[in-house]
Amino acid sequence: MSQTSVPGQGANAHTATDATAAAQRAAELRIELARHNRAYYEDDAPLIPDAEYDRLFGELVALENDFPELQRPDSPTQRVGGKPVEGFAPVVHRVPMLSLNNGFADEDVEAFDRRVSDGLRDVNGVNGASGAGSAGGVGGVGGAGGVNTTPNSTGDLFGTPVEYAAELKFDGLAIALRYEQGVLVQAATRGDGTTGEDVTANIRTIKKIPLKLDTDNPPDVLEVRGEVLMFRADFDKLNQAQEAAGEKVFVNPRNAAAGSLRQLDSRITAKRPLSFFAYGIGELIGATMPETHSALLDWYVTLGIPVNERREVVKGADGLLKFYREVGEARASLPYDIDGVVYKVNRRDEQDRLGFVSRAPRFALAHKFPAQEALTTLLDIEVQVGRTGAITPVARLAPVFVGGATVTNATLHNEDEIRRKDVMIGDTVIVRRAGDVIPEVVGSVLDRRPADARAFVMPTACPVCGSAIEKLPDEAIARCTGGLICAAQRKQALLHFAQRRALDIEGLGDKLVEQLVDQQIIRTPADLFKLGVAKLAALDRMADKSASNLVAALEKARHTTLARFIFALGIRHVGEATAKDLARHFGKLDNLIAVCKRDSDLTELLAVPDVGPIVAESINNFFCEDHNVEVIEQLRAAGVTWPESEPAAAAPLPLAGKTFVLTGTLPTLSRDEAKAMLEALGAKVAGSVSAKTDYVVAGAEAGSKLAKAEALGVPVLDEDAMRAMLAAL
Ligand code: IVH
């Protein structure tokens with residue numbers, strides 16, 4: 001007799017007393033676990049707690065250990081990975097895995113659509129089409145289109161426009177999944193298109209890929225083709241974990257996906273968060289091929305194979321270009337990288353008639369976005385000084401066209417980052433420019449490192465003012481200690497002071513600030529208010545009109561609010577929200593200055609909502625510096641004013657001393673909004689319920705916190721009750 005031995009198994013858990021019972025239970029468990037996998041990975045809606053899943057899983061592992069004959073390739077236990085292998089066995093693709101022709105400009109798409117409709121018309125009438133119908137058949141026609149007739153301009157002059165399936169071009173790696181009788185039996189990489197590598201053990205660890213198709217009537221053979229990729233959030237998490245473990249970090253999600261799939265130890269792959277989207281088909285035996293590409297993908301969905309939802313059936317070049325633009329706009333907000341879109345003639349029979357040319361189908365086109373990453377040479381690393389003295393290393397690059405613009409500089413963030421990315425001067429580097437994000441150096445191509453590559457050395461003196469550069473042990477950022485002596489910091493401080501959310505001085509841009517500081521016309525923000533039209537008009541790129549506009553803008557900016565003024569001062573860690581809190585709390589600027597100058601006791605600053613020890617210390621330090629208070633005095637003398645009020649703290653806040661805990665989802669307020677409402681009235685919002693909790697505010701799906709509150713007899717409010725309580729205060 002054999003028994004399952006699973007730690008922590010409940011008293012009424014199944015005990016397999018014989019092989020038949022074991023087989024039956026294993027089958028039940030497989031179905032059950034597959035159902036939970038789908039709920040978790042595809043629907044994002046787990047049906048049971050993780051611990052319960054683990055218990056069922058453990059039960060199946062134990063059964064398969066006790067009865068090895070029960071081990072099956074489609075068992076979820078296969079997903080944890082197995083023993084390392086020496087290498088990957090070659091797999092010859094029964095249907096070659098081809099690549100796609102690329103297009104970049106609108107004209108390329110129009111030409112493609114024209115080729116397709118001409119080709120279809122041509123094939124109908126005149127020739128039998130080269131390579132038609134045979135996968136990989138090499139057409140005898142040179143160039144990309146088998147065109148003999150006069151091309152028409154719109155592609156649909158002689159009939160209805162061609163119907164296309166438009167989808168995303170995922171930036172991962174191609175994979176072929178072979179299902180026999182509905183069970184995943186083999187997974188292979190593309191390789192050279194003819195022969196790939198057997199990565200079945202690794203693919204089995206990807207939870208989104210079904211080990212068994214969701215049908216009672218599977219085809220004898222179905223070879224699903226698609227892309228393995230890594231979502232950006234998963235990539236970031238993986239890199240954080242790699243870094244914490246002192247392991248190599250990956251430059252981008254694609255490399256992380258490729259590296260994870262080529263692991264010889266599938267237990268490592270099992271820990272990597274890989275994803276998959278299907279987009280094509282290889283061999284199909286024992287089922288009818290769907291008539292269109294879109295129907296094929298619909299069928300996949302019913303089989304439980306992941307297919308991306310962003311796909312459309314469109315007509316003609318106009319439809320294709322519309323899809324391209326819509327996806328282009330959404331690109332930055334997609335949770336994974338794409339490098340373009342793919343268009344495929346939708347009807348299978350039309351695809352077959354068009355056939356292939358060279359290594360790519362005539363019926364498809366990859367319409368690529370401008371590359372977001374490119375290779376170039378790192379010529380040098382210089383440092384830039386920010387408003388608070390932060391020293392940022394900046395890469396000087398050989399000009400490179402990336403993300404739709406020519407890039408010559410890119411940020412390297414800080415010294416640690418340079419070490420972490422192992423970037424040296426002279427290296428070939430990968431530069432990334434995505435959307436509006438500042439270009440950055442992602443990493444170096446190590447096998448192209450020249451012998452004379454140099455490591456970056458952080459300067460010890462500020463390149464602008466010569467003051468010492470200092471780096472606190474627990475900070476990543478090095479800083480220039482020059483403060484406002486440093487012209488670089490002064491320029492940044494002035495720009496900060498003038499920005500829209502601060503004093504809002506319209507027309508004071510960086511070129512002007514540059515001149516004003518470099519020609520020593522102004523030193524501090526107070527000097528701005530001494531500027532006259534004549535002096536300004538004498539500057540480069542300034543005319544009388546722009547000079548008097550600026551003087552008018554300065555006049556307007558004199559009348560501001562205390563919150564804007566505090567924000568404009570550029571105190572480290574004091575953003576707009578904190579500036580507002582300080583203004584409300586102290587009412588008058590002198591109250592704030594007095595608190596800071598009194599002694600180094602931070603208690604009163606800490607009483608301001610959302611001000612913690614680091615912020616309090618920074619505020620205190622700022623006002624302890626006499627030169628900062630002097631600039632404030634000069635600004636007041638120059639006529640900068642704001643309405644002052646009584647300090648809010650004069651009367652104790654009505655909820656001072658009360659502790660609240662928020663749990664669950666409130667009907668209309670976000671967690672942060674509810675917290676802000678409570679804190680504004682002096683309450684403390686804590687993370688866990690204890691005997692000291694005064695109230696718990698509970699919304700939908702409140703869990704253990706609610707239970708604990710009830711157990712401890714802590715009053716529980718819903719959102720309405722909380723609002724009523726606050727309104728009554
Ligand atoms: S179809 C014969 N569809 O792009 C056509 N490919 O440049 C085979 N790719 O190796 C490919 N998204 O790795 C197709 N929606 C998509 C795709 C896609 C990404 C990749 C695939 C292929 C490469 C071709």
Side-chain angles (χ1 to χ4, degrees), residues 91 93-104 108 112 116 131-139 144 164-177 187-197 199 203 223-231 252-255 257-258 261-262 274-284 289 292-294 296-298 300-301 305-314 320 323-324 327 330-331 334 336-346 348 350-352 354-369 371-372:
V91 174
H93 298 298
R94 288 177 214 189
V95 178
M97 290 182 81
L98 304 179
S99 61
L100 292 167
N101 285 322
N102 290 329
F104 295 92
D108 300 337
F112 162 72
V116 165
S134 66
V138 177
Y164 297 97
E167 55 197 34
L168 305 182
K169 186 168 190 312
F170 309 103
D171 201 3
L173 50 150
I175 206 89
L177 309 173
T189 61
R190 176 171 182 275
D192 62 5
T194 309
T195 310
E197 288 180 321
V199 288
I203 287 292
E223 193 189 315
V224 177
R225 291 184 174 174
E227 198 90 344
V228 168
L229 69 162
M230 197 179 280
F231 277 47
N252 55 33
R254 211 199 86 81
N255 284 19
L261 207 57
R262 298 204 77 265
L274 292 169
S275 276
F276 174 81
F277 288 122
Y279 54 61
I281 187 161
E283 205 170 21
L284 178 68
M289 182 70 83
T292 60
H293 182 71
S294 52
L296 170 72
L297 299 188
D298 293 342
Y300 280 175
V301 174
I305 299 165
V307 174
N308 192 279
E309 282 179 359
R310 200 159 192 134
R311 58 191 172 102
E312 263 173 53
V313 174
V314 301
L320 297 175
F323 182 79
Y324 176 79
V327 173
R331 183 186 188 186
L334 293 175
Y336 39 79
D337 286 349
I338 57 172
D339 55 351
V341 293
V342 182
Y343 312 135
K344 296 166 185 169
V345 169
N346 199 27
R348 266 323 280 198
E350 293 185 344
Q351 288 189 1
D352 289 344
L354 288 162
F356 299 81
V357 71
S358 177
R359 306 287 306 147
R362 274 201 201 97
F363 58 78
L365 182 76
H367 190 183
K368 306 270 281 255
F369 293 129
Q372 292 188 318

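Values below: all heavy atoms of this structure, side chains included; hydrogens, waters and symmetry mates excluded. Just so you know, ligand 1 is whichever comes first in the structure, and atom 1 is the first atom listed for that ligand.
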At what distance is the nearest protein heavy atom to atom 23 (C) of ligand 1, and which residue and atom is it? K169 NZ, 3.9 Å
Side-chain touch F363/Y164, heavy atoms, less than 4.5 angstrom: no
Does the side chain of L168 come within less than 4.5 Å of V327's, by heavy atoms? yes
In terms of residue, atom name and distance, what is the protein heavy atom nearest to atom 20 (C) of ligand 1? E227 OE1, 3.5 Å
Atom indices of ligand 1, in the order listed, that fall short of 4.0 Å to a heavy atom of A174: 10 (O), 13 (O)
Hey, is P361 one of the residues with a heavy atom under 4.0 angstrom from ligand 1? yes
Check ligand 1 against E167 and write out every atom of the ligand that is under 4.0 Å from a heavy-atom position of the residue. 3 (N), 15 (N), 16 (C)
Nearest-contact summary for atom 21 (C) of ligand 1 - protein heavy atom, Å: Y279 OH, 3.0 Å
Say whether S99, considering both its backbone and side-chain N or O atoms, lies within less than 3.5 Å of an N or O atom on ligand 1. no
Heavy-atom side-chain contact between K344 and Y279 under 4.5 Å: yes
Ignoring hydrogens and geometry, is there a side-chain-to-backbone donor-acceptor pair from E167 to V342 under 3.5 Å? no
Taking atom 5 (C) of ligand 1 as the reference point, the nearest protein heavy atom with its distance: L100 CD2, 3.5 Å
Nitrogen or oxygen of F170 less than 3.5 angstrom from that of ligand 1: yes
At a 4.0 Å cut-off, with the gap strictly under it, does some heavy atom of K344 reach an atom of ligand 1? yes
